[in-house]
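Right, one structure below, let's go through it.
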Amino acid sequence: MTSNWPLFVTLRIVRLAFLLAAVAVVAFMLAKMSPVDPVQAYLGPAIAKVGPEQQDLIAQKWGLDQPPLTQFGKWLGNVAQGDLGMSMTYNEPVVDVLAKRVRASLPLMAMAWLLSGLLGFALGVTAGAMADTWVDRIIRTYAYVLASTPTFWLAIVLLVVFSVGLAWTPVCCAAPIGVLPEDVTVLERLHHLILPLIALTVLGVAQITLHTRAKMIEIMQSDFALYARAQGASLADVAIRHGARNTALPAITVLFASLGELFGGSVLAEQVFAYPGLGRAAVQAGVSGDVPLLLAVALCLTVFVSVGNTIADILYHVVDPRIGATHDMEIRP
Amino acid sequence: MTEAVETTSRASSRLRINKRMLTLAATGIGAAGIACVVAGAIVFGDFGIATDFSARLAPPSWAHWFGTDQFGHDMFARTVHGLNVSLWVGLIAATLSAFIALGLSIFATTCGQWADRLVSFLVDATMGLPHLVLLILISFALGGGTHAVIVAVAVTHWPRLTRVLRAEILQLRNADFIIVSRQLGKSWWYVGRHHFLPHLMPQMLVGLVLLFPHAILHEAGLTFIGFGLEPTKPAIGVLLADSMRYLTAGKWWLGLYPGVSLLLLVLCFDAIGNGLRLLLDPRQAQL
């Protein structure tokens, strides 16, 4: 079994490459299908002042007059060389826009990811150890209700309560308005980060909690947990020494697999708090027909989420050696 | 030791019966809630569409339960209309999605190894992209609007159900009674109709109902960021997006109530889906 590991990981990586290629083709096709004309979207109201010849010139400059297949070939070639094109909305190379946006989004997403993981795990272990008590019932209800809550609405409620009602937190953006980016202090950044962070964390908790709880109950009913109890170990002892240790890896697996949802949540939360992150860039790109940026964001996120899924998949096999490393790839339940 | 085991098993059996009744009650309440939304939308009719500038941005009161918006629309009526829109969009999208899942799972299990691999790859590819980005891309490709949302939600929500149905069909195909039925000379068509269908229908139904919450939440999110339903429709996403401009002015009711209502609608569907799953599963019925 162990000799199959390098093969397994290699196959996973090959699969990831195929996936990226497929996503690139589909995303490009979808973008080309759109009835939104990039030239018109770029010009906006100024279209009245620009004659059809000039519009054709712009289209020619962007290579839009060529057949889609040629465009795709060119785009793919450029992407392979690390050139993602020019963003029309921001009038900057897409790579620069992405870099800036990722820098704003990364602290938010990373912190939300970690916090929701830790909090969810703690809640799940507690609920699982005290299954069918009122503590468990409260935690379970909280998780179920949160799992059904629209992300953006929770963000709105937080905004209304803490920014408008109590005026504890700023209403928008990643930094105070009118302050140069280099003058913004870390404290100010954190101050602007806190509400989006809470919104994302509170929502991310639900999944981890429910998974950890289910796993925890299973472990608390197992023979070794019963034996430990019979030897006089307290519930907390068993829960931490045996329960938490055994549920940690499954919880981490779920955490890695939830990256996609985390990003979905961050798009909505960033929209509510006007936080200039990657999610808002994706929305902007879609609204203004900025195809290069939209495609770049889609690809960038596919890499991000797929790597997360692949890690989850590999961890899944590490956790449960009964799942064969090679057989499973063909026949998955 | 024996005694302890016995008491716990008795206690849990009594608990299960209670649970079953509770589940039935929760399912009933969920169904009633959804019926109320549909009935409410019919009863309200055009009410809430007329503008009344004498009652602009009024806070919640007995006359306007959820307050009024900037045009003096009654927010309660608009919220009910919005929920109704969400309901229909969710129904169409989730049904389409469930049928895609059924079709793909049958294709994967009957057309050989390569078909199975293809479907498995499609599932992975769809799940590899964040839902919302795929939704934005599809909606962008179709130019937005109601049909774009329905298509976008329908083509992104099938992977999970496909996996469930595929596993179920694979398991059924090797079940003894299917093999016996085949050896007795029944055709695949007969076996499919009399043995597969009764087993797959509950799975389909539960899968369909459990797809609803996702479909509705994604529809609302997509509409909220401006890629979904037309801004003229009283959808929940539109109401909340509109409310953003007035929240900083302290008009909290514009943001609070439509969201709470959406949450309740989703919980209704969750209750029905989980209820059906427990009630239709014969293994749960014996406990």
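Just so we're on the same page: letters track the sequence lines, and every chain starts at 1. Bear in mind the structure is a predicted one, so any value in this text is a computation, not a measurement.
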Q.
If we define contacts as heavy-atom pairs under 4.5 Å, which of B:Val133, B:Thr126, B:Leu134, B:Leu240 has the most with chain A?
A. B:Leu240
Q | A:Val283 portion near chain B, given a 4.5 angstrom heavy-atom threshold | A | both
Q: Among the options A:Val157, A:Leu294, A:Leu20, pick out the one with the most heavy-atom pairs lying under 4.5 Å from chain B.
A: A:Leu294
Q.
With heavy-atom distances below 4.5 Å as the criterion, would you say the side chains of B:Leu262 and A:Trp153 are in contact?
A. no
Q. How are the rings of A:Phe18 and B:Phe121 set to each other: parallel, tilted or perpendicular (split at 30° and 60°)?
A. perpendicular
Q. Does any non-hydrogen side-chain atom of B:Ser120 lie less than 4.5 Å from one of A:Arg15?
A. yes
Q | Segment of A:Ala22 engaging chain B (4.5 angstrom heavy-atom cut-off) | A | side chain
**Q.** Under 4.5 Å from any heavy atom of chain A - which part of B:Val164
**A.** neither
Q: For each of B:Asp270, B:Ile236, B:Leu217, B:Leu135, tally heavy-atom pairs with chain A at distances under 4.5 Å, and name the one with the top tally.
A: B:Leu217
Q: Mind running side-chain contact (heavy atoms from CB on, under 4.5 Å) on A:Leu30 and B:Phe140 for me, showing each step along the way?
A: CA-CA 8 Å; A:Leu30 284 173; B:Phe140 177 69; over 6 Å; no
**Q.** A:Val272 side chain reached by B:Phe224 side chain, heavy atoms, under 4.5 Å
**A.** yes
Q | Intermediate values then yes/no, side-chain contact (heavy atoms from CB on, under 4.5 Å), A:Phe263 and B:Leu132 | A | CA-CA 8 Å; A:Phe263 181 79; B:Leu132 210 61; 5.7 Å; no
Q: Mind checking the CD1-CZ spacing from B:Ile225 to A:Arg280? Nearest 0.5 Å is all I need.
A: 11.0 Å
